Number of protein chains: 2
Amino acid sequence: MSPPRGRPPTYDRDEALGRLLAAFWEKGYSTATLDDLVEATGMNRPSLYGAFGDKKAMYLAALDLFRGGMLQQMEHLLFGAARIEDALAALMEGALAVYFSGENGARGCVAICTATAEATLDPDIRERLHLVIQSIDEIVARRLERAIAEGQVPASLDPMRTARVLGSIVHSMAVRTRSGEARADLGALGRDAAAMVLAAGGVTAAARSLN
Amino acid sequence: MSPPRGRPPTYDRDEALGRLLAAFWEKGYSTATLDDLVEATGMNRPSLYGAFGDKKAMYLAALDLFRGGMLQQMEHLLFGAARIEDALAALMEGALAVYFSGENGARGCVAICTATAEATLDPDIRERLHLVIQSIDEIVARRLERAIAEGQVPASLDPMRTARVLGSIVHSMAVRTRSGEARADLGALGRDAAAMVLAAGGVTAAARSLN
DNA sequence: CCTATTTCATACCTAATGGTACAAAAATCA
DNA sequence: TGATTTTTGTACCATTAGGTATGAAATAGG
């Protein structure tokens with residue numbers, strides 16, 4: 001593999017994409033201007049366009065990067081704990097750690113908090129949002145399946161339906177973060193929800209048939 | 001009360017504000033242009049500015065209108081039902097009815113789905129978002145207090161903490177609506193969550209002390 | 001009927017936005 | 001070293017954005 005022909009880029013594409021993600025995360029898609037993105041990456045406009053395409057492509061690429069990292073971390077947090085109680089606690093605490101990790105404080109989740117606004121107008125963005133939501137549901141459901149297999153929760157628990165409830169708590173934590181709620185209060189919300197779900201034995205076939 | 005001096009307005013301010021709300025609801029704050037707002041209201045630009053102020057003031061007024069209507073309807077739905085099961089079912093179903101009531105289909109909640117993106121940049125918008133979230137939490141908590149008083153749920157249930165879990169489900173339903181989830185699936189999510197909360201006896205002091 | 005007052009409608013303004021042309025710079029290959 | 005290729009950086013472009021000046025229109029008061 002010989003080095004490429006022309007003048008070598010001065011930027012690192014992955015790092016630049018990370019900076020793009022951070023910029024969109026704070027400002028949202030339509031509020032972030034090209035000048036913002038230029039400043040965030042340190043690149044100039046033509047380089048940005050050459051590397052990523054137009055503004056929307058940058059946003060989509062940033063969302064994909066986010067989803068990848070999110071899934072990796074959730075996998076780690078959820079499946080690294082032996083007890084389902086600990087796994088769910090790690091999920092909630094890990095989400096909060098990300099939501100409060102911005103330089104300028106509380107920024108929530110880039111997909112839930114910024115893509116949702118655009119979802120009505122752009123099918124590609126809506127698809128990305130859906131993908132993030134679906135990914136969360138599915139990975140939590142997989143962890144619940146393991147808990148069933150290990151006898152930590154009743155077999156009557158419906159993994160996917162229960163996961164959707166837990167995922168919903170995570171979504172709201174993201175929104176609430178951005179609304180200015182204190183981290184301690186959100187931690188309590190996450191713990192309360194997880195404890196209640198486990199106390200109820202999750203969403204069960206019985207509870208479903210009630211309605 | 002004699003009629004006002006000059007030329008009478010041709011628009012109805014309340015109706016115009018309703019149209020503004022609909023426009024912001026679908027497109028979001030920064031994505032909705034002045035031209036969009038002019039078209040939605042049928043008013044011309046100077047009249048819009050005369051009636052409401054600048055674009056941000058229009059958005060804030062629309063959010064306030066939304067919150068007022070939302071609270072009124074939630075009061076009706078939550079306190080119109082005698083049993084807490086029915087009250088929570090009405091809450092979830094009522095939320096979905098609103099989230100799917102747009103002309104162009106699924107639009108979710110204007111506060112959760114559009115104000116969240118702007119919340120990091122504008123304190124006034126963030127405050128409105130917080131107010132909506134807080135209002136939901138509080139009215140649900142009040143309904144749970146009544147259920148405790150009427151012996152329908154255990155007195156160990158913490159109304160506010162339980163309400164925050166239920167409110168979180170509603171938030172996520174709004175986001176999920178906008179992401180393209182089917183209404184039937186969201187109905188199931190709402191029923192599942194409500195049933196599980198009641199099955200667990202809500203968030204209790206006991207569950208809290210576990211953590 | 002004339003004046004005062006308020007709204008309406010057109011047209012306009014400035015600034016900012018997303019996107020690009022073009023030439024200089026930096027590398028490889030012959 | 002010279003030709004080729006790719007990136008860089010400046011400067012620019014057309015469009016759209018939010019917001020406003022201005023005069024005509026419509027009402028009440030005198």
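Just so you know, these numbers come straight off a predicted model, no measurement behind them. Computed over heavy atoms, backbone and side chain alike; hydrogens, waters and symmetry mates excluded.
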Practice item. Check whether the side chain of B/R5 and the base of C/dT5 form a donor-acceptor pair under 3.5 Å. Key: no
Point to revise | For atom CG of A/L48 and atom P of D/dT10, their distance in whole Å | key: 15 Å
Review point. So, is A/S47 close to the D/dT7 phosphate, meaning a side-chain N or O under 4.0 Å from OP1 or OP2?
Key: no
Exercise for review: Calculate, to the nearest 0.5 Å, the distance between atoms CG and CG belonging to B/L48 and B/L34 respectively.
Suggested key: 7.5 Å
Point to revise | Test item: side-chain donor near acceptor, A/T120 and B/R178, under 3.5 Å | key: yes
Point to revise | Value in whole Å for how far the P atom of D/dA26 lies from CZ of B/R7 | key: 6 Å
Practice item. Using a strict 4.0 Å threshold on nitrogen-to-oxygen distance, state whether A/R176 and B/D137 make a salt bridge. Key: yes
Check your understanding: Has B/N44 got a side-chain N or O lying under 4.0 Å from the OP1 or OP2 atom of C/dA9?
Key -> yes
Review point. Any Lys/Arg nitrogen of B/D192 or A/R164 sitting under 4.0 Å from an Asp/Glu carboxylate oxygen of the other?
Key: no
Point to revise | Upstream residue (5' side of DNA chain C) when B/G6 and A/K56 are each assigned their closest nucleotide | key: B/G6
Exercise for review: Take A/M43 and A/R19 through the side-chain contact (heavy atoms from CB on, under 4.5 Å) test and state the conclusion after the steps.
Suggested key: CA-CA 10 Å; A/M43 296 165 66; A/R19 306 272 181 110; over 6 Å; no
Shorter than 3.5 Å, N or O on both sides, protein versus nucleotides 11-18 of chain D: list them out with atom names.
residue	atom	partner	partner atom	Å
D/dG18	OP1	B/A32	O	3.4
D/dG18	OP1	B/K55	NZ	2.7
D/dG18	OP2	B/L34	N	2.7
D/dG18	N7	B/R45	NH2	2.6

Review point. Are B/K55 and B/Y49 in a cation-pi setup, meaning NZ or CZ lies under 6.0 angstrom from the ring centre and within 45 degrees of the ring axis?
Key: no
Practice item. Give a yes or no answer on whether the side chain of A/Y99 reaches the backbone of A/R183 with a donor-acceptor pair at less than 3.5 Å. Key: no
Practice item. Could you list by number each residue of residues 8-25 of chain A showing a heavy-atom separation from DNA chain D of less than 4.0 Å, or answer none if no residue does? Key: A/P8, A/P9, A/T10, A/Y11
Point to revise | Sidechain N-carboxylate O distance under 4.0 Å for A/E75, A/R142 | key: yes
